[in-house]
Amino acid sequence: MAEVSRVGMLTGGGDAPGLNGVIRAVTMKSIEDYGYEVAGIRRGWKGLLDPESDSVQPLGVDDVRYILQEGGTKLLSSRTNPYKNEGDAEKVVKNLEEFGIDALVAIGGDDTLGVAKRLYDDFGVQVVGCPKTIDNDLSATDTTFGYDTAVSIATEAIDRIRTTARSHERIIVVEVMGRHAGWITWGAGLASAANVTLIPEVEPDLEAITDLFKKRAERGEKWGIVAVSEGVTFSEDFVTQTEEKDEFGHVRLGGVGEGLAGELKERTGIDTRHVVLGHLQRGGTPTAFDRILSTRYGLRAAEAVKNGEWGQMVALRGSDVVTVSLDEATAETKTVPDDLYRALQTFFG
Ligand code: F6P
């Protein structure tokens with residue numbers, strides 16, 4: 001195990017409220033408690049694959065002291081995949097050496113952590129992972145920072161949308177992020193008491209949804225809210241997504257809300273609108289829960305570097321922050337279990 005004196009840190013993938021909390025905690029603990037130097041690597045893996053003059057910058061305590069409340073990531077982010085083209089992973093390893101980085105804290109979701117795991121497996125890079133995703137779809141950890149904030153934002157948005165839906169006697173379909181996991185929609189649908197919540201894990205029944213709104217109209221409630229995950233697909237042929245893919249092969253989702261709103265208008269005769277919450281759910285200041293979790297993750301990640309826990313990721317298990325292997329962390333997508341969705345269905349109508 002090579003001795004550590006300079007710790008690099010990067011954030012990859014979509015930003016999530018709480019990233020700056022991790023950056024702050026890793027930096028302060030590494031410097032104050034362990035005497036390491038900390039280098040911020042900007043723009044995720046791109047900063048190591050294709051470095052520009054500003055890609056690697058020293059981070060000091062004064063750079064991070066007040067960033068806990070700030071959304072986004074001080075280190076910037078990208079969806080660059082150094083395993084997309086042959087020879088790129090080797091370039092990353094070479095640049096780590098050139099920048100004198102002996103240990104790396106990689107903060108990201110399954111894509112970023114998947115790269116971290118491969119760099120550790122293939123080249124022995126001394127890496128520690130930290131989970132980040134608003135989607136809450138990472139296995140091996142109970143939750144991640146960013147999710148609580150995203151659910152809170154979506155809930156508040158739906159609460160606001162409800163009052164206008166009711167005033168105008170409209171159905172408003174609210175499209176929520178989360179890719180192929182319905183966690184944000186499930187949480188916001190429950191917390192905002194949406195009339196119907198649709199997630200990718202459960203095939204939607206358009207007939208049943210139509211009946212539900214017709215029944216509501218019969219009892220004088222010609223309005224309603226549908227919370228729909230961007231990853232929901234219908235067998236009906238309205239467009240639900242584009243084919244554009246990122247470097248990790250993910251399609252860019254979007255459009256299901258609009259398609260569903262059109263379909264419901266036709267079937268129920270009730271005026272409909274749709275709203276795409278989009279990046280609103282990822283922006284702005286983190287909730288207190290996410291500030292606390294991200295800080296605990298950052299402190300534990302710095303400790304993992306000190307302990308030489310390479311190839312591990314920090315994770316929340318119950319009330320403890322522990323480390324688990326990156327293998328386990330990236331093994332499968334965590335989706336909403338059936339019983340949780342059924343619990344929500346009690347409130348449909
Ligand atoms: O993974 C986080 C996430 O916000 C997903 O919920 C969403 O599908 C995707 O990122 C959007 O990515 P981008 O910001 O690249 O459009």
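Order of appearance sets the numbers: ligands from 1, and atoms from 1 within every ligand.
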Do T185 and L198 have side chains that approach each other closer than 4.5 Å (heavy atoms only, starting at C-beta)? no
Would you please name every residue forming a ring pair (Phe, Tyr, Trp, His ring centres under 6.0 Å) with F347, sequence neighbours left out? none
Using a strict cut-off of less than 4.0 Å between a Lys/Arg side-chain nitrogen and an Asp/Glu carboxylate oxygen, indicate whether E70 and K74 qualify as a salt bridge. no
Audit row: Y120, D327, side-chain hydrogen bond (donor to acceptor under 3.5 Å, both in side chains) steps and yes/no: CA-CA 11 Å; Y120 170 70; D327 284 334; over 6 Å; no
Residues that F99 engages under ring pair (Phe, Tyr, Trp, His ring centres under 6.0 Å), provided they are two or more places apart: none
Return each pair, listed once, that meets side chain to side chain donor-acceptor pair (under 3.5 Å) where at least one residue sits in residues 11-29; pairs must be two or more places apart or across chains. T11-T73, D15-R282, K29-D33
With the criterion set at N/O pairs under 3.5 Å, what does the list of contacts between the protein and ligand 1 look like, atom names and distances included?
from     : atom 1 : to   : atom 2 : distance (Å)
ligand 1 : 1 (O)  : D135 : OD2    : 2.7
ligand 1 : 4 (O)  : R282 : NH1    : 2.8
ligand 1 : 6 (O)  : D135 : OD1    : 2.8
ligand 1 : 6 (O)  : G178 : N      : 3.0
ligand 1 : 6 (O)  : E230 : OE2    : 3.4
ligand 1 : 8 (O)  : E230 : OE2    : 2.5
ligand 1 : 10 (O) : R79  : NH2    : 3.1
ligand 1 : 10 (O) : R282 : NH1    : 3.1
ligand 1 : 12 (O) : R79  : NH2    : 2.9
ligand 1 : 14 (O) : H279 : NE2    : 2.8
ligand 1 : 14 (O) : R282 : NH1    : 2.9
ligand 1 : 14 (O) : R282 : NH2    : 3.0
ligand 1 : 15 (O) : R79  : NE     : 3.0
ligand 1 : 15 (O) : R79  : NH2    : 3.3
ligand 1 : 16 (O) : H279 : NE2    : 3.4

